[in-house]
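Below, read A as the first sequence line, B as the second, and so on, with proteins coming before strands; counting in each chain starts at 1. Predicted, not measured: the structure shown is a model, and the values here were computed from it.
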2 protein chains.
Amino acid sequence: MTEITASACCSPTCCSLDISGVDQERLVAMFKALGNPIRFEILKFLVAHPGCITGDIVDYLPIAQATVSQHLKVLREAGWISGVTEGPARCYCLNAENIAWFREQITQIMS
Amino acid sequence: MTEITASACCSPTCCSLDISGVDQERLVAMFKALGNPIRFEILKFLVAHPGCITGDIVDYLPIAQATVSQHLKVLREAGWISGVTEGPARCYCLNAENIAWFREQITQIMS
DNA sequence: TGCATTTATCGTATTTATACGATAAATTAT
DNA sequence: ATAATTTATCGTATAAATACGATAAATGCA
């Protein structure tokens with residue numbers, strides 16, 4: 001195993017990444033879900049339009065309704081958003097708890 | 001546009017996601033790169049073995065050398081790591097500056 | 001009940017990601 | 001120069017992601 005001193009090419013420890021098991025999988029899944037520009041735009045739209053319905057997001061984005069539905073499913077399953085049935089429509093919101101969890105994990109493991 | 005009160009299904013604003021243009025693309029690229037369990041493991045390995053060479057990571061992971069090299073390229077291009085040529089080998093480290101940038105972006109836009 | 005509205009799912013086409021073996025490229029040592 | 005070591009790249013096979021139209025499912029209303 002090559003072990004060189006930090007001064008040779010590395011900065012001093014910048015993060016611990018101390019996370020494991022279930023939490024790590026959950027975190028990676030959240031990373032994966034948000035690693036897509038369309039889905040990031042959906043999150044931003046939900047900040048500006050909390051409680052809007054799927055159709056509003058479909059109108060906003062330049063992609064088909066079926067595709068939007070798929071993206072919403074990915075974001076839901078990763079925990080970024082939650083959807084509440086409102087009649088035949090579905091009202092979407094950011095999932096504040098999970099987002100807070102994500103932020104806390106990042107601040108913890110990346111310092 | 002359906003606009004309902006926050007109380008109906010949404011928590012109070014939990015994040016601004018106030019980011020745009022180049023920064024947003026950079027952030028999404030970092031999300032995408034780390035949204036893979038192998039690449040997350042590589043980062044964790046680099047925390048424990050700063051300055052190790054590609055071969056050490058290859059020995060550690062249960063995948064082929066060519067595949068590891070691809071993953072390292074993804075992490076490099078996203079800014080998570082940096083590699084310094086050390087003779088015929090390449091010494092890898094976490095990219096502290098970019099990681100700090102990521103952490104700061106998250107704390108800023110997710111609160 | 002029947003119809004309109006809204007969203008999810010199905011089937012499928014295309015693109016991208018992931019993985020591997022083989023080989024090339026770069027460096028060091030002989 | 002040759003050989004050994006190390007990593008990157010090429011070509012390619014397979015899996016996963018992304019996209020769409022069509023259709024089903026669920027709900028509310030006439």
Donor-acceptor check, side chain of B:Ser111 to backbone of B:Thr107, threshold 3.5 angstrom: yes or no? yes
I need the CD-P distance between A:Gln70 and C:dT15, as an integer number of Å. 17 Å
Whole Å only: how far is the CD atom of A:Glu86 from the P atom of D:dA26? 18 Å
Verdict with supporting geometry, A:Tyr60 and A:His49, side-chain contact (heavy atoms from CB on, under 4.5 Å): CA-CA 11 Å; A:Tyr60 175 66; A:His49 308 93; over 6 Å; no
For the student: nearest non-hydrogen atoms of B:Arg39 and B:Lys32, plus distance: NH2-O, 3.7 Å
Hey, could you give me each pair passing ring-ring contact (aromatic ring centres under 6.0 Å, His included) that has a residue in residues 13-36 of chain B? Not counting sequence neighbours. A:Phe31-B:Phe31, A:Phe102-B:Phe31, B:Phe31-B:Phe102
Measuring to OP1 and OP2 of C:dA17, would you say a side-chain N or O of B:His71 lies under 4.0 angstrom away? no
Using a cut-off of strictly less than 4.0 Å, decide whether B:Thr67 has a side-chain nitrogen or oxygen near OP1 or OP2 of C:dC20. yes
Under a single-linkage definition using a 4.5 Å side-chain heavy-atom cutoff for Ile, Leu, Val, Met, Phe, Trp and Tyr, are A:Leu72 and A:Leu94 assigned to the same hydrophobic cluster? yes
Please report the C-alpha distance between B:Leu34 and A:Val28 in whole Å, then the side-chain angles of each, then the deciding distance to 0.1 Å, and finally whether the side-chain contact (heavy atoms from CB on, under 4.5 Å) criterion is met. CA-CA 7 Å; B:Leu34 214 49; A:Val28 169; over 6 Å; no
Determine, step by step, whether A:Arg26 and A:Asn98 satisfy the side chain to side chain donor-acceptor pair (under 3.5 Å) criterion, reporting the C-alpha distance in whole Å, the side-chain angles of both residues, the deciding distance to 0.1 Å, and the verdict. CA-CA 10 Å; A:Arg26 181 180 170 190; A:Asn98 287 333; 2.8 Å; yes
Counting primed atoms plus P, OP1 and OP2 as sugar-phosphate and everything else as base, spell out the protein contacts along nucleotides 1-8 of chain C at 4.0 Å heavy-atom distance: B, S or - for each nucleotide, 5' to 3'. ----BSBB
Evaluate the side-chain contact (heavy atoms from CB on, under 4.5 Å) criterion for residues B:His71 and B:Thr67: first the C-alpha distance (whole Å), next the side-chain angles of each, then the deciding distance (0.1 Å), finally the verdict. CA-CA 6 Å; B:His71 281 304; B:Thr67 309; 3.9 Å; yes
Which ones in residues 28-44 of chain B lie close to DNA chain C, meaning a heavy atom under 4.0 Å from one of its atoms? B:Lys32, B:Asn36, B:Arg39
I want to confirm an ordering. Mapping A:Gly87 and A:Ile63 to their closest nucleotides on DNA chain D, which one lands closer to the 5' end? A:Ile63
